[in-house]
Amino acid sequence: NILIGLLKPDSGEAQVFGLDCWRDSLEIRRRVRVLHENPRYPSSFTGLRYLEHVAHLYGVSRPKVEAKEALREVGLFNFRDRAIKTYSAGMLQRLGLAQTLIGDPELVILDEPTANLDPLGRIELLEKIRRLRKEQGVNFLISTHILPELEKICNWVSIINEGIVVDQGSMRDLMKKYSGNIYR
């Protein structure tokens with residue numbers, strides 16, 4: 001919430017793209033998309049109608065086309081005309097991911113993206129994230145407590161404790177540094 005300017009930091013400062021998160025929050029929100037841990041959707045909307053609405057909010061020139069493409073990208077195209085209230089937990093997470101792809105963002109922030117998913121759903125969602133990064137160059141900032149999932153898709157990790165970065169580095173380096181401490 002601080003990174004997109006919804007909350008003002010109690011102290012210190014935060015920047016995204018070299019922009020101050022509080023003063024320049026509108027510009028940051030134009031370039032960043034967020035999937036919160038427990039997103040809420042208008043249950044009577046279909047997936048397609050909802051994403052068209054999101055595309056309109058972002059000023060996308062062809063909202064229906066972009067909404068369909070986002071649904072196709074996350075594997076929900078065949079469910080585009082179903083009411084969101086009929087979607088499973090995994091489908092809701094994929095809808096959230098589709099929402100973050102609207103308008104070609106420079107950065108997507110995912111807060112606990114695999115929460116409430118079964119093991120297969122977790123694997124599928126992580127694979128989609130990995131593929132989007134590799135094939136379309138989408139950059140992700142992922143907040144999670146499930147470290148083995150990060151190992152599959154991340155190349156850089158920051159460890160944060162009570163809002164302070166206590167360590168950061170490549171996944172490989174941090175695994176070497178901390179793996180010996182786990183079983184002591």
Side-chain angles (χ1 to χ4, degrees), residues 1-41 54 58 73-74 89-90 92-184:
N1 287 331
I2 289 174
L3 293 178
I4 58 172
L6 297 179
L7 289 176
K8 188 173 185 179
D10 294 332
S11 63
E13 61 183 56
Q15 293 184 350
V16 174
F17 308 125
L19 301 169
D20 181 89
C21 291
W22 185 249
R23 284 192 317 268
D24 303 313
S25 65
L26 185 57
E27 176 61 24
I28 291 169
R29 280 182 266 151
R30 284 187 184 118
R31 300 165 66 183
V32 175
R33 302 293 182 268
V34 178
L35 175 58
H36 295 279
E37 182 175 359
N38 295 307
R40 302 286 184 255
Y41 304 102
V54 169
Y58 284 120
E73 186 64 49
V74 300
L92 290 172
Q93 285 298 96
R94 288 188 284 158
L95 180 65
L97 184 59
Q99 173 187 322
T100 67
L101 300 176
I102 298 290
D104 295 321
E106 294 176 50
L107 175 67
V108 174
I109 300 173
L110 303 174
D111 185 11
E112 300 290 352
T114 60
N116 304 315
L117 295 181
D118 61 44
L120 183 57
R122 287 174 182 267
I123 292 168
E124 288 175 353
L125 188 66
L126 292 170
E127 178 55 30
K128 285 186 190 317
I129 292 168
R130 190 195 64 72
R131 190 174 47 74
L132 286 166
R133 171 68 185 130
K134 183 177 179 183
E135 294 175 7
Q136 295 185 18
V138 178
N139 292 300
F140 291 92
L141 178 112
I142 301 171
S143 173
T144 186
H145 296 88
I146 306 170
L147 299 181
E149 290 181 354
L150 291 179
E151 187 178 4
K152 293 177 171 68
I153 59 172
C154 293
N155 54 15
W156 186 266
V157 176
S158 294
I159 300 171
I160 302 171
N161 184 24
E162 296 182 9
I164 306 292
V165 176
V166 294
D167 205 350
Q168 60 185 340
S170 72
M171 177 59 81
R172 180 179 298 133
D173 290 345
L174 290 178
M175 292 289 285
K176 284 180 194 175
K177 184 174 182 178
Y178 292 107
S179 65
N181 297 329
I182 294 173
Y183 300 106
R184 287 186 185 175

- Check the pair R131, E73 against salt bridge (Lys or Arg N to Asp or Glu O under 4.0 Å), reporting the backbone distance first and the verdict last. CA-CA 10 Å; R131 190 174 47 74; E73 186 64 49; 2.6 Å; yes

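Within 6.0 Å of CZ in R172 there are 12 or fewer heavy atoms belonging to other residues, nucleotides or ligands.
With respect to the salt-bridge test (charged N to carboxylate O, under 4.0 angstrom), the residues E13 and K8 do not qualify.
Closest approach of R33 to P105, counting heavy atoms only: CG-CB, 3.5 Å.
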Only distances under 3.5 Å count here; give the side-chain donor-acceptor pairs of residues 92-102 to other protein atoms, sequence neighbours excluded, each with its distance to 0.1 Å.
residue, atom, partner, partner atom, Å
Q93, NE2, P113, O, 2.4
R94, NH1, V74, O, 3.3
R94, NH1, G75, O, 3.4
Q99, OE1, Y50, OH, 2.5
T100, OG1, L97, O, 2.6

Show me the side-chain donor-acceptor pairs of residues 21-28 shorter than 3.5 Å, one per line, residues at least two apart or across chains.
residue, atom, partner, partner atom, Å
D24, OD2, D20, N, 3.0
S25, OG, R29, NH2, 2.8
E27, OE1, R30, NH1, 3.3

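Using modelled atom types, one side-chain atom of S170 and one backbone atom of D173 make a donor-acceptor pair closer than 3.5 Å. Side chain of E112 to backbone of H145: a donor-acceptor contact under 3.5 angstrom is found.
Here the side chains of D111 and T144 are not in contact, with every heavy-atom distance at 4.5 Å or above. In this structure, L141 and L3 have side chains that are in contact, with non-hydrogen atoms separated by less than 4.5 Å.
Because its NZ or CZ atom is not both nearer than 6.0 Å to the ring centre of F140 and within 45° of the ring axis, R130 does not count as a cation-pi partner of that residue.
Listed by chain and number, the residues in a side chain to side chain donor-acceptor pair (under 3.5 Å) with N139 are R133 (sequence neighbours excluded).
With values rounded to the nearest 0.5 angstrom, L7 atom CG is found 4.5 Å from N1 atom CG.
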